[in-house]
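Every chain is numbered from 1 and lettered A, B, ... according to where its sequence line falls, protein lines coming before strand lines. As the structure is a prediction and not an experimental result, all values here were calculated from the model. Heavy atoms only: backbone and side chains are in, while hydrogens, waters and symmetry mates are out.
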Amino acid sequence: MSTGEIKRVIIIGAGQAGGETAQRLRQAGFDGDITLIGEEPAPPYQRPPLSKAYLKGEYDMDRLLLRPASVYAEENITLLTSLRAVWIDRANRRVRVEGGRELPYDVLVLATGAKPRKLPLVGADLDGVHLFRTAADADALRPRMVSGAKLVVVGAGYIGLEAAAVARQLGLDVTVIETAVRPLARVTSPEVAGFFLDEHTRQGVRFVLGGQPALIKGRDRVTGVALSDGADVPADIVIAGIGVTPEVALAQQCGLAVENGIVTNRQCLTSDPAIYAIGDCAARPIVHFDERVARLESVHNAVEGAKIVAAAITGGKPHVEEAPWFWSDQYDLKLQIAGLFQGYDHIVLRGVMADRAFAAFYYKGPKLIAVDAVNRPAEYLGAKMLIQTGRTVAPSELEDESRPMKEIVAAAR
Amino acid sequence: MAKITYIEHTGKEHVIDAPNGQTVMEAAVKHAVPGIDADCGGACACATCHVYVDPEWLAKTGEASSMEQSMLDFANDVEDNSRLSCQIKVSDALDGLVVRLPKSQH
Ligand SMILES: Cc1cc2nc3c(=O)[nH]c(=O)nc-3n(C[C@H](O)[C@H](O)[C@H](O)COP(=O)(O)OP(=O)(O)OC[C@H]3O[C@@H](n4cnc5c(N)ncnc54)[C@H](O)[C@@H]3O)c2cc1C
Ligand code: FES
């Protein structure tokens, strides 16, 4: 379809990816209809602070919003909140929403995100057992995060560990149960995982590693988590932090190609040329990683999808993709990640972990593929730049702390 | 509350009433000032909220932390008065602040 024929864009999912798409379409000069449909009551908001400043009570909902609610009307974006899209009719290019109304589109953008996995255990529905994805989830948790309360986090991923850090800062008693033998097993190296394990332990978090939760105990309210080896961990609150599954129900219903996420090409186009898919629900070839198809769960990926799609719909200059990036805040540690570490064969450390400021660089052969930088922003940005431009540096250069990162990056090829 | 003037690279001005406690970045993004991307939402992780603080105001906006300074080292067209706007907190003392935006954040 030539871009001039696109008069009506519907975006399903008013999260970060959907919200950014609407905004960037307008910024790129698109003057047709934009309808943004979201199941949650709030206009698009940022999720990262939910497990950080918002959980601590330092942020309110207004501050989470990507844009004030009034902006959508001002920019002539039809924002339909608390409304679920239930059916896609590709042949007639229509979306049906709850209640039966049908809305026509020329281009459809699926930005349906992901939903948190429920604990597959008896007792998972007890009062006091929380999922952690939405502002409503955080709001339910917040009043219970009081000093002295016993929190059990099941799953030691970034969100679980961030919640654990906030809980310790608020004076809760915190236990993290993880089925793997180390925390962050899916997302970082044993070395960096070990650093975070030590840090949390020092801050008073107890870990049950290699632990198999068998049952959530309690009558009306949760009272604890029973492990398969017979041990019991008492709990007033349980947070399930065992990851998410991409929200692909609509894509499957209308017959789009779906694997681990809705499959798209580099332009975020699905197997239907009138339908794009972006953000946590979609998997696309990552240009800096030999076009390996990956479903990334990050703000970077949500924003990137929005930029790619806005450029494609308006026929503008294609967006130049950035190397993937991510961050996590725990206590006073800022972890900044660039690239994708999967498949690395060696790791190079710059700085020492005991200083609580170091960077772990991941190599595949001679190629630098990722960095985990703790309180080391120069190493993070420098490595991001190298990965983005396909350059690399010898490990010995990075190990030499006497040379500033900027200089190393400038000399790299 | 502080009145803040954002001047785009093209010279276009945006005058915004920014509430105390927000950051200079947030006030701009909430009012859709073009030229501040702020992809990370203020987490000091993206360096796409770069501004030039009008020299008269440098004393009042304070100094960049070492974290911010290291991020700025890698931004484009950095000057002595460069700051990451997500790291400047709005207060009454900044009433009248003028910041200029770079040509590009990437
Ligand atoms: C607690 C937490 C902390 C995080 N911290 C970080 C971090 O520090 N750094 C980072 O980079 N990333 C972080 N992330 C990840 C990041 O927030 C996500 O990758 C990002 O929000 C994905 O955006 P999205 O728009 O694809 O999905 P979502 O934000 O999940 O939005 C999808 C929206 O679509 C709606 N929807 C789904 N189906 C339908 C339907 N049929 N009809 C209508 N609406 C529908 C959903 O209700 C939802 O509101 C964090 C995530 C969480 C939950
Ligand atoms: S908004 Fe990302 S660094 Fe300022």
(request) Please report the closest heavy-atom contact between Phe196(A) and Leu333(A), naming both atoms and the distance. (result) CE2-CD1, 4.0 Å
(request) Indicate the atoms forming the closest heavy-atom contact of Ala45(B) with Tyr380(A), along with that distance. (result) O-OH, 2.7 Å
Which region of [X], side chain (C-beta onward) or backbone (N, CA, C, O), has a non-hydrogen atom less than 4.5 Å from a non-hydrogen atom of chain B, or is it both or neither?
| X | result |
| --- | --- |
| Gln27(A) | neither |
| Lys334(A) | side chain |
| Glu75(A) | side chain |
| Met405(A) | both |
| Tyr45(A) | neither |
| Val409(A) | side chain |
| Gln23(A) | neither |

Presence of salt bridge, [Y] and [X], under 4.0 angstrom:
| X | Y | answer |
| --- | --- | --- |
| Arg376(A) | Glu401(A) | yes |
| Lys60(B) | Asp54(B) | no |
| Glu8(B) | Arg100(B) | no |

(message) Taking side-chain hydrogen bond (donor to acceptor under 3.5 Å, both in side chains) as the definition, give me every residue that meets it alongside Asp17(B), ordered by chain and number, with sequence neighbours left out.
(response) Lys3(B)
(message) Can you tell me which portion of Ala38(B) sits under 4.5 Å from chain A's heavy atoms? Options are side chain, backbone, both or neither.
(response) neither
(request) Give me the one residue out of Lys307(A), Arg24(A), Glu304(A) that meets side-chain hydrogen bond (donor to acceptor under 3.5 Å, both in side chains) with His319(A). (result) Glu304(A)
(request) Kindly state whether the ring of Tyr54(A) and the ring of Tyr59(A) have centres lying under 6.0 angstrom apart. (result) no
(message) Heavy atom to heavy atom, less than 4.5 Å: which residues from residues 70-78 of chain B reach chain A?
(response) Ser70(B), Met71(B), Asp73(B), Phe74(B)
(message) Can you tell me which of Ala378(A), Pro49(A), Ala338(A), Ala302(A) forms the most heavy-atom pairs within a distance under 4.5 Å of chain B?
(response) Ala378(A)
(request) May I ask you to check whether Ser51(A) and Glu162(A) show a side-chain donor-acceptor distance below 3.5 Å? (result) yes
(message) When you compare the side chains of Thr188(A) and Tyr158(A), does any donor N or O come within less than 3.5 Å of an acceptor on the partner?
(response) no
